[in-house]
Amino acid sequence: MRTLSVSGCLVLAVLAFAPAARAQSQNASQTVSATDEPSYRKEFIYGINFNTRGGLIGGVSVRSTKLLSQDWSRFWGIEAVEVKHPKEQRVTNINTGGTFVLGKSNYMFAIRPTFGVQRVIFRKAPESGVQVNALLGAGPSVALLMPYYISYDLTDRQANGQIKQGTQQKIVNQQYDPNVNTEAGRIIDRAPLFAGISETKPNIGAHLRGALSFEYGRYRDAVAGIEAGFLVEAYTKKLTILSVQSASSTKALNEQFYPSVYLTLYLGHRS
C-alpha cells in the first residue's frame, strides 16, 4: 500500500506540473518570435554611389523604406549621378597645362526617382551581424544635358603660331563644336563647370534596377551597409555626349540605352 501511495503521488505531481510546463513553453516560444519581429516600421538611408558609367564618385542617393510585414517592405528613393561616355579621353594642352575631354559636347546628369519592393533573404541578430536583402525597383529617369564649354583661342596667328602684328589675343568660352573648334591645339582649357547651365536640356526616359544589400548595424535605430546591383536605363532618343564632325558618326557614337553595375555605401536611421 505504501508503494502504491508513493506512485500515486508521483503521478499526481506530474499531472499538476504538465499544464505549467506547457504554459512556460508557450511563453518562451512567444518570446522568441517576439524578438524575431522588427523593432522599427520606417527606415531612411543616404549614400554615395559608384558605378561603371560615372567617374571616381558616381553620385548620391536617398531612400525611404516602410515595412509591410516581417520579410517584405516597400521603398521610394531618388538618385542623382553623372553619366559619362565610355570613350571619353582627357587630354592636356602642353602649352597652357589646361585639361579637357577631347570631343565632349555635353555633360549628362541623370536624376532617377525609384519605387520598389524589398525582401529579407537572411535576417541578422537583433544587435549585430549582417542582414541580406534583395530589392527590385523601377521609375522614370530625367537626363539633363548641360553644354560642355571650353576656352578656345580665336586669336589671328601666323603659321609659326605667333600673334599677327596689330591684333590682340582673343579667347572665348563656348560649347565644344567639332565643326567650329577644329584645332585641338587652340583649346586652352575646360571652361568653368556651370558655364552652360542656362542651356541645359531635359530628356525623359525610364530605368529598372535589381540589387542585393548587405546591412550591418550594432543598434536597432541605426543602419549601415553596402548595396550592389545592376541598372538598365533607356531614353526616347540617343543623347549626345561626344561629338565628331559628321552628324551620322556622332549619332552612331552616342547611345540610347545605358546599362551599368553600381555599388552604394549607405548610412541611415530607423524609427
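Given the structure is predicted, the values throughout are model-derived calculations rather than measurements.
D71 and R123 are joined by a salt bridge, as a carboxylate oxygen and a charged side-chain nitrogen come within less than 4.0 angstrom of each other.
Separating the OG atom in S243 from the NZ atom in K251 is a distance of 14.0 Å, to the nearest 0.5 Å. Rounding to the nearest 0.5 Å places CH2 of W72 at 5.5 Å from CZ of R119. Put simply, CD1 on I45 and OG1 on T65 are 6.0 Å apart, with the number rounded to the nearest 0.5 Å. The distance from atom CG of N181 to atom CD1 of I187, rounded to the nearest 0.5 Å, is 6.0 Å. Note: Q174 CD to S151 OG = 9.5 Å, rounded to the nearest 0.5 Å.
Using a 4.5 Å heavy-atom threshold, the side chains of V91 and Q89 count as touching. Between S105 and Q175 the shortest side-chain heavy-atom distance falls below 4.5 Å. Proximity of Q131 to F122: side-chain heavy atoms (C-beta onward) are nowhere separated by under 4.5 Å.
Considering every non-hydrogen atom in both L145 and M108, the closest pair reads CD2-CB, 3.8 Å. The nearest pair of heavy atoms linking A143 to L239 is CB-CD1, 3.7 Å. Minimum heavy-atom separation, D189 to F100: C-CB, 4.5 Å. Here the shortest heavy-atom pairing between A234 and F257 reads CB-CD2, 3.4 Å. L267 approaches A224 most closely through the heavy-atom pair CD2-CB, 3.5 Å. Summarising the geometry of G185 relative to N93, their closest heavy-atom pair is O-ND2, 3.4 Å, with the distance given to 0.1 Å.
In this structure, I150 is a member of the same hydrophobic cluster as L154, with clusters built from ILVMFWY side-chain heavy atoms closer than 4.5 Å. Following chains of ILVMFWY side-chain contacts shorter than 4.5 Å, one cannot reach L193 starting from I188, and the two form parts of different hydrophobic clusters. L212 is not connected to V120 by any chain of hydrophobic side-chain contacts under 4.5 Å among Ile, Leu, Val, Met, Phe, Trp and Tyr, and they are in different clusters. Clustering ILVMFWY residues whenever any of their side-chain heavy atoms sit less than 4.5 angstrom apart, transitively, puts V142 in the very cluster that holds I78. Linking Ile, Leu, Val, Met, Phe, Trp and Tyr residues whenever their side-chain heavy atoms come within less than 4.5 Å places V172 and I197 in a single cluster.
R209 pairs by the salt bridge (Lys or Arg N to Asp or Glu O under 4.0 Å) definition with E79, not counting sequence neighbours. Evaluation of the side-chain contact (heavy atoms from CB on, under 4.5 Å) rule for N179 yields D177, Q245 as partners, not counting sequence neighbours. With sequence neighbours excluded, the residues forming a side-chain contact (heavy atoms from CB on, under 4.5 Å) with F230 are V232, listed by chain and number. Considering only residues two or more places apart in sequence or on other chains, K104 meets the side-chain contact (heavy atoms from CB on, under 4.5 Å) condition with E82, E88, V101, Y107, Y148, I241, L242. Under the salt bridge (Lys or Arg N to Asp or Glu O under 4.0 Å) criterion, R186 pairs with E183, sequence neighbours left out. Looking at residues two or more places apart in sequence or on another chain, you find a side-chain contact (heavy atoms from CB on, under 4.5 Å) between T92 and T99. Residues forming a salt bridge (Lys or Arg N to Asp or Glu O under 4.0 Å) with D153 (at least two apart in sequence, or on another chain): R157.
Under a 3.5 Å cut-off, the side chain of T96 and the backbone N or O of G98 do form a donor-acceptor pair. Listed for the H207 side chain is no donor-acceptor partner under 3.5 Å among the backbone atoms of T114. Looking only at distances, no side-chain donor or acceptor of Q118 sits under 3.5 Å from a matching main-chain atom of S73.
By the 4.5 Å side-chain criterion applied to Ile, Leu, Val, Met, Phe, Trp and Tyr, F75 is assigned to a cluster that also includes L135. The other members of the hydrophobic cluster of L231, by chain and number, are Y262 (side-chain heavy atoms under 4.5 Å, ILVMFWY only).
The 12-atom threshold is not exceeded at CD1 of I48, counting heavy atoms of other residues, nucleotides or ligands nearer than 6.0 Å.
Ring geometry for F44 versus H269: interplanar angle of 30 to 60°, hence tilted.
Among residue pairs with one or both ends in residues 131-145, none qualify as salt bridge (Lys or Arg N to Asp or Glu O under 4.0 Å); sequence neighbours excluded. Residue pairs that meet the side chain to side chain donor-acceptor pair (under 3.5 Å) test with at least one member in residues 51-62, sequence neighbours left out, are N49-N51, R53-E255. Screening residues 226-242 for salt bridge (Lys or Arg N to Asp or Glu O under 4.0 Å) gives R63-E227, R112-E233 as the qualifying pairs, with residues at least two apart or on separate chains.
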**Request:** Begin with the C-alpha distance, continue with both residues' side-chain angles, and end with the deciding distance and a verdict on side chain to side chain contact (heavy atoms under 4.5 Å, CB included) for V83 and Y258.
**Result:** CA-CA 9 Å; V83 179; Y258 298 84; 4.0 Å; yes
**Message:** Pair L263, I226 - check side chain to side chain contact (heavy atoms under 4.5 Å, CB included), show working.
**Reply:** CA-CA 7 Å; L263 179 74; I226 299 173; 3.1 Å; yes
**Asked** Going through the checks in order, is the side chain to side chain contact (heavy atoms under 4.5 Å, CB included) test met by L253 and T250?
**Response** CA-CA 5 Å; L253 179 63; T250 295; 5.6 Å; no
**Prompt:** Y176 and R190: side chain to side chain contact (heavy atoms under 4.5 Å, CB included), yes or no, with the steps?
**Reply:** CA-CA 10 Å; Y176 174 78; R190 183 198 70 184; over 6 Å; no
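Under 3.5 Å, the side chains of N106 and T240 contain no donor-acceptor pair of N or O atoms.
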